[in-house]
Enquirer: 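Shown below is the structure under consideration.
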Amino acid sequence: MADGLSEKIGGAPPAGRVSSHRESTEGTFTPSPKELEVHTGEPSRFSLEKADSRVTPPKNAVDNDPFKHLSTREADILKNQVYTPDVKIGIPILYRYASRNDLLIMAVGSLCSIASGAALPLMTVIFGNLQGTFQDYFLGKVSYDDFSGQLASLVLYFVYLAIGEFVTVYIATVAFIYTGEHISSKIREHYLESCMKQNIGFFDKLGAGEVTTRITADTNLIQEGISEKVSLTLAAVATFVTAFIIGFISYWKLTLILLSTVVALILVMGGGSAFIVRYSKSNIAAYAEGGSVAEEVISSVRNAVAFGTQDRLAKQYDVHLIRAEFFGFKVKGAIGVMVAGMMLILYLNYGLAFWMGSRFLVDGEVVLSKVLIVMMAVMIGAFNLGNVAPNVQSFTTALGAAAKIYSTIDRISPIDPSSDAGGKIENVKGTIRLEHVKHIYPSRPEVVVMEDVTLTIPAGKTTALVGASGSGKSTIVGLVERFYSPIEGKVYLDDVDTSTLNLRWLRQQIALVSQEPTLFSTTIYENIRHGLIGTQWENESPERQEELIYEAAKKANAHDFVTALPEGYQTNVGERGFLMSGGQKQRIAIARAIVSDPKILLLDEATSALDTKSEGVVQAALEVASAGRTTITIAHRLSTIRDAENIVVMSHGRIVEQGTHDQLLEKRGAYYNLVTAQAIAAVGEMTAEEQQAIDEEDERELIRKASAAAAQNKHYAEDPDDDIAARLDRTTTQKSVSSMALASRSKDPTVKHSLWTLIKLIASFNKEEWKLMVIGLFFAAICGCGNPTQAVFFAKLISSLSVPITPLTIPQIQSDASFWCLMYLMLALIMFLSFSVQGIVFAKCSERLIHRVRDRAFRTMLRQDVEFFDRDENSAGALTSFLSTEATHVAGLSGVTLGTLLMVGTTLVSACTVALVLGWKLALVCIATMPIVIGCGFFRFWMLAHYQRRGKRAYASSASFASEAITGIRTVASLTREQDVLQQYKDNLAAQQLASLKSVLKSSILYAASQSFMFLAFALGFWYGGTLIAKHEYDMFQFFVVFSSVIFGAQSAGSVFSFAPDMGKAAEASRELKTLFDRKPAIDTWSADGDKIESVEGTIEFRDVHFRYPTRPEQPVLRGLNLSIQPGQYVALVGASGCGKSTTIALLERFYDPLAGGIFIDGKEISSLNVNDYRSFIALVSQEPTLYQGTIRDNILLGAPKDVTDEHIQFACQEANIYDFIVSMPDGFNTVVGSKGALLSGGQKQRIAIARALVRDPKILLLDEATSALDSESEHVVQAALDKASKGRTTIAVAHRLSTIQKADIIYVFDQGRIVEQGTHSELMKKNGRYAELVNLQSLEKHS
């Protein structure tokens, strides 16, 4: 067979042995067993079943030292390029960049925080003294005038407190937010500055993504930890301390007894949060597993669609959801019980204080006002202690984030572009010489990329580097630019070792144009001007710079298209230049490279990413640009480097041969093979369109020559993309069938949903739990009544204890006190019960809701057609994070929120009712303050959330600027733009800080007001109440009931908001869910429409099928495809990549519907059949086998439409050549395959995928490049399995390696979305057309 092939090639050069099997990577030839039999005349000695049955051990998790195989000197050079020091982080380090002013401001801020914290307990002293004043008045100890005087002065104290609180809170908040911003932006600056100094190897190791995360997320964490949270913590601690000082001064015995509440609170909070942390870890872990199942399924959605396994995969996902729900319920239940515990302690504290207080009172040890002071102070102090924990946590998070950032800031770069060390050469000629260079990339220490390369690149000439990818061409560019240090050998510029030269100066002599040009998000003019940075023209007058820029743009053939744009050179190119076409970006990059007239020009595949039209234009520009400079060109297309003075051919990191084009062709070596291969690919039968394209190519070649000659006169060919006007004005008549059809397809309509619709949607998920909901709401209402009830008890106690103490009244006082304290005990237990019940009930409902939403959302996603997943916004990552975050947000509109609102409602209504019944005058005055008090509670919470949000948002634009610079770090380095980037970043941050300072100055007024207006409401209530008491309209009982029910009721209502989940996010999330649930795909797997089919023969035909991918409508893929396939045939589709082979398979699976034409199976059009029915007769084996987490058996069973017996599975595995391997494993069919099948080798995965396809016993088997991703040993095994599998079925195989399909019954050759040849292997070889070329091409590639 192998011999037969090389004879047929005929004209090919005698390039040694030609084998139909791809040679394995080491270059040894692995014969197939059949060939062995032919050669040796005996059955093959190694059996196929045993091949590729090695078990890949899972990679050792801790790979200690990747450099251990290298010598110490080499290892040190590499380590030096990636090593990062560890920084010990402590509080002083966080504030390392604080200026003297910052420290002063922080000191003032701290004083103010402490003062603002101390103000709260001071209020209790005034409160107690007021009660004392009232009591004295009632007992007749003070006259009316004295009473009014005392009342007025105490009320004024409240006003002073309010003013003091306002000022101190305002100063503290502004001070800490300002210094937090200031210090964190200093950190940001230093971080980016440090990144700009680092060598490229450092970024290979970290990845630009990691760096961007640090500059955005981690600096935000630091800023959160050192801003307003610090002042909150200080204030809370101050409150706690002050409260107890006041308590001990007032009456130490009672304070000591009440200390027990602090202990109890700490126990409840500590115990509760221990459970919460434990369960939420398990909850997150359970969901993470579910998330990875979802991610696996969505990232390989075509497989799920092809096998119709959506439902079973959704069930697998649901298993994890059930576990997550279980733990989630425990978390939320624990929170509910914890809140209930806090309520229990609150009311028990009242009871204990009054009971003990009454005993001390009767003994004459203390007056009632002192009891009140102690009781309230202890409560305020104890509850404020709870505010400390979360803030301390964010501070420790900030320390952790800082450790990562400082480790980069403190890293000393081995190749530092910002340093001034190193020499300069006076006048550079531009000769580059490499001597005995050996190179290893620090991020891939196991691969030697260059081995002993010595090469001279003469000044002023063009040297071209060619070779297969990975042969070390681009590495030479990296070494000349000094992105990396070579491990051995030296690089010289004009006989001076480049490592002794100043790095910035060196890079200013060199200009680089890479394959993917990086443009920065600014105007075209600025982008070209970047090329002048660091050169002698950097500080020239703007007019002179403009001349240079226009000149460069003309040379680069960009001037015309730029001036044609509406804004000309001031056009913004968009982020990474995505508003320009490839050819336009490339020409701007060339202009940028040549604007400074560099001595050395490096072109790294500068035209390979372009289409042929733009390529000719860009190539012409490059030839003009490289005239008279030292130029190093790397090219894949050899036609572009024919005229180079020296062509260097590289292979596997060594230089194989060098010389001019003609010399190398005479040698008939590696270069010759490369050229022949490319030439073969270029010839072939032409359709009219191709002929036209070739003619254009020819014309372009002429134009290129002409324009290079006429460069002095600057006449250029045009790039068709440039004529912007014509592009915009293109009429509809030119469109092809496909684009007409696509135009008629509509986009997804966007519907605005009302809030009511969304609430109904969410309620529908909790329909089953309505009984639970009713119970929850009932108890929530009871919780709401707690406050007014407690107000009655409070007032009763005060009025009972205010009676003058005489031997006659003592028994009555004691019995009253005992009775009302026991009522407190009862209230405490009821509150505990009802808070617990409603907490637990709503926890159940909201977790159920989240579970159902996730499940339904996942199923709806899997229902969508493949087109849905092709869109950018629906990438696997985006959809997975949608499942995890949006579903959780939805809970914000569920029963919990309803319960909270009901609780607030009942509190307010019952409080007002009680107050109005007992004393309407005072009640009305107090109710008037209600909105303020509630507003304070709400705004206090809302402002803190607002500060966090603002901090994240504010730095988004500067972060994207920094990440753009870091993503294009090679471009930044080669342009020596580091200082420029930093300066812009600093300006950006400064502007940001100014803006935030203004907004903080405004918004802190609101926050300070929310903290201080409370006192004003108190003052008003007391003043008016006092006046009424003075006139003897009210007694003490009425006053205290009205005052405490309304004011404290409103206070508690305001504070409830902090427990309520975010409703804004919930509405947004449910809107997105509604849109998802309402989307009906064109090819709907849930629908029962379409004809059912009992059996399938397997006759397939395509009739004039036109198709374009919906996401790329401008790119025609199939242009009138006709094909017919008989039952039982083995058909192969071949052709260059992008010619529509895989698309044909996708259309057969009905992933998409064709735009025009039809696909028929047994004479029925497939779009008229029921899609699930139709797919059940087809099995697909794709290039990348998809396995899911679970056992081998689970994975194979996914192929089966119904339950199958073990024999059936065993048979499928034997057919797929995998049975022996499975049985040889210790767990057999229960072997776990790992995430995405990571524990198996490629060949094993592919054979399991084949077994999965065979288990459903398909009539039609589709093989989409089933062996292309494998090495040659596995390929033989899998190929043998495929040959076995295709017996007796209609099989359609797409293949890149033509050796795998020589036995096909018919081979269709595709080109440009049509079929250009068909026939068997031997017929097509005789034709000597397109197919023969492909075969020759592949045999050549093997030998090059």
Enquirer: Taking C-beta and beyond as the side chain, do Glu978 and Ile969 meet within less than 4.5 Å on heavy atoms?
Expert: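 Contact flag for Glu978/Ile969 side chains = no.
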Enquirer: Are any side-chain N or O atoms of Ser116 and backbone N or O atoms of Thr168, one a donor and one an acceptor, separated by less than 3.5 Å?
Expert: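 A pair under 3.5 Å: no.
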Enquirer: Could you tell me how the ring of Phe1015 sits relative to the ring of Phe1018: parallel (under 30°), tilted (30 to 60°) or perpendicular (over 60°)?
Expert: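 Rings of Phe1015 and Phe1018: perpendicular, over 60°.
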Enquirer: Considering residues, nucleotides and ligands other than Tyr95, do more than 12 of their heavy atoms fall under 6.0 Å from its OH?
Expert: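 Yes, the 6.0 Å shell around OH holds more than 12 heavy atoms from other groups.
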Enquirer: Measure across Pro414 and Asn199 and return the closest heavy-atom pair with its distance rounded to 0.1 Å.
Expert: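 That closest heavy-atom pairing would be CD-OD1, 3.6 Å.
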Enquirer: If every non-hydrogen atom of Ile276 is compared with every non-hydrogen atom of Ala334, which pair is closest and at what distance?
Expert: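 Distance-wise, the nearest heavy atoms are CG1-CB, 3.8 Å.
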Enquirer: Does either side chain, that of Gln983 or that of Asp987, offer a donor lying less than 3.5 Å from an acceptor on the other one?
Expert: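 Short answer, yes.
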Enquirer: Do any N or O atoms from the side chain of Thr255 and from the backbone of Gly247 form a donor-acceptor pair under 3.5 angstrom?
Expert: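 Yes, Thr255 side chain to Gly247 backbone: donor-acceptor pair under 3.5 Å.
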Enquirer: Does a side-chain heavy-atom distance below 4.5 Å link Ile187 with Arg96?
Expert: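 Side chain of Ile187 against side chain of Arg96, heavy atoms only: no contact under 4.5 Å found.
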Enquirer: Go through it in stages, so that I can follow the logic: the residues are Cys195 and Phe203, the test is side-chain contact (heavy atoms from CB on, under 4.5 Å), and I'd like the CA-CA distance, side-chain angles, deciding distance and then a yes or no.
Expert: CA-CA 9 Å; Cys195 285; Phe203 295 99; 4.2 Å; yes
Enquirer: Aromatic rings Tyr178 and His182: how do their planes relate, parallel, tilted or perpendicular, breaks at 30° and 60°?
Expert: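 Tyr178 vs His182 ring planes: parallel.
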Enquirer: If we only count heavy atoms from C-beta on, is the Gln790 to Asn787 side-chain gap below 4.5 Å?
Expert: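 Yes. Closest side-chain heavy atoms under 4.5 Å.
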Enquirer: With a 4.5 Å limit on heavy-atom distance, are the side chains of Phe202 and Thr408 in contact?
Expert: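 Phe202 vs Thr408: side chains touch.
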Enquirer: For the residue pair Ser184 and Arg188, establish whether any side-chain heavy-atom pair is separated by less than 4.5 Å.
Expert: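 Yes. Closest side-chain heavy atoms under 4.5 Å.
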Enquirer: Output, in order, the C-alpha distance, side-chain angles, deciding distance and verdict of side-chain contact (heavy atoms from CB on, under 4.5 Å) for Asp218 and Ile222.
Expert: CA-CA 6 Å; Asp218 290 356; Ile222 292 180; 5.7 Å; no
Enquirer: What's the verdict on side-chain contact (heavy atoms from CB on, under 4.5 Å) for Ser1012 and Val169, showing C-alpha distance, side-chain angles and the deciding distance?
Expert: CA-CA 8 Å; Ser1012 58; Val169 169; over 6 Å; no
Enquirer: Would you confirm whether Thr397, through its side chain, and Gln393, through its main-chain N or O, come within 3.5 Å as a donor-acceptor pair?
Expert: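 Yes, Thr397 side chain to Gln393 backbone: donor-acceptor pair under 3.5 Å.
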Enquirer: Using a cut-off of 6.0 Å, state whether more than 12 heavy atoms not belonging to Phe1048 lie near its atom CZ.
Expert: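 Correct, the count exceeds 12.
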Enquirer: Side-chain donor-acceptor pair under 3.5 Å between Ser194 and Gln198, yes or no?
Expert: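 Distance-only check passes for Ser194 and Gln198.
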Enquirer: Going by atom types alone, do Asn391 and Ser394 pair a side-chain donor with an acceptor below 3.5 Å?
Expert: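 Absent: no donor and acceptor within the cut-off.
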Enquirer: Decide side-chain contact (heavy atoms from CB on, under 4.5 Å) for Gln131 and Leu368; before the verdict, give the C-alpha distance in whole Å, the side-chain angles of both, and the deciding distance to 0.1 Å.
Expert: CA-CA 8 Å; Gln131 187 277 327; Leu368 179 58; 3.1 Å; yes
Enquirer: For Met106 versus Ile183, what's the shortest heavy-atom pair and its separation?
Expert: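 For Met106 versus Ile183, the nearest heavy atoms are SD-CD1, 4.2 Å.
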Enquirer: List the atom of Leu192, the atom of Ala962, and the distance in Å for their closest heavy-atom pair.
Expert: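 What the structure gives for the nearest pair is CD1-CB, 4.1 Å.
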Enquirer: Which heavy atom of Asp102 sits nearest to which heavy atom of Thr179, and what is that distance?
Expert: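 Result for this residue pair: O-CG2, 3.6 Å.
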Enquirer: Side chains of Leu352 and Ser260, heavy atoms from C-beta outward: is any pair under 4.5 Å?
Expert: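 A side-chain contact exists here, since the closest heavy-atom pair is under 4.5 Å.
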Enquirer: For the backbone of Tyr1007 and the side chain of Tyr170, can you confirm whether one donor and one acceptor N or O come within less than 3.5 Å of each other?
Expert: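 No.
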Enquirer: Angle between ring planes, Tyr279 versus Phe275, binned at 30° and 60°: parallel, tilted or perpendicular?
Expert: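 Tyr279 and Phe275: parallel rings.
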Enquirer: Is the closest side-chain heavy-atom distance between Ser110 and Phe176 below 4.5 Å?
Expert: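 Ser110 vs Phe176: side chains touch.
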Enquirer: Side chains of Phe395 and Thr233: does their closest heavy-atom pair fall under 4.5 Å?
Expert: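 No - every pair of side-chain heavy atoms lies 4.5 Å or more apart.
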Enquirer: When the ring planes of Phe158 and Phe1022 are compared, do they come out parallel, tilted or perpendicular, using 30° and 60° as the limits?
Expert: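 Rings of Phe158 and Phe1022: parallel, as their planes differ by under 30°.
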Enquirer: So, for Ser280 and Val331, which heavy atoms are closest and what is the spacing to 0.1 Å?
Expert: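 That would be N-CG2, 3.3 Å.
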Enquirer: Please state whether the rings of Phe1043 and Phe127 are parallel, tilted or perpendicular, taking 30° and 60° as the class boundaries.
Expert: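 Judged by the thresholds at 30° and 60°, the geometry between Phe1043 and Phe127 is tilted.
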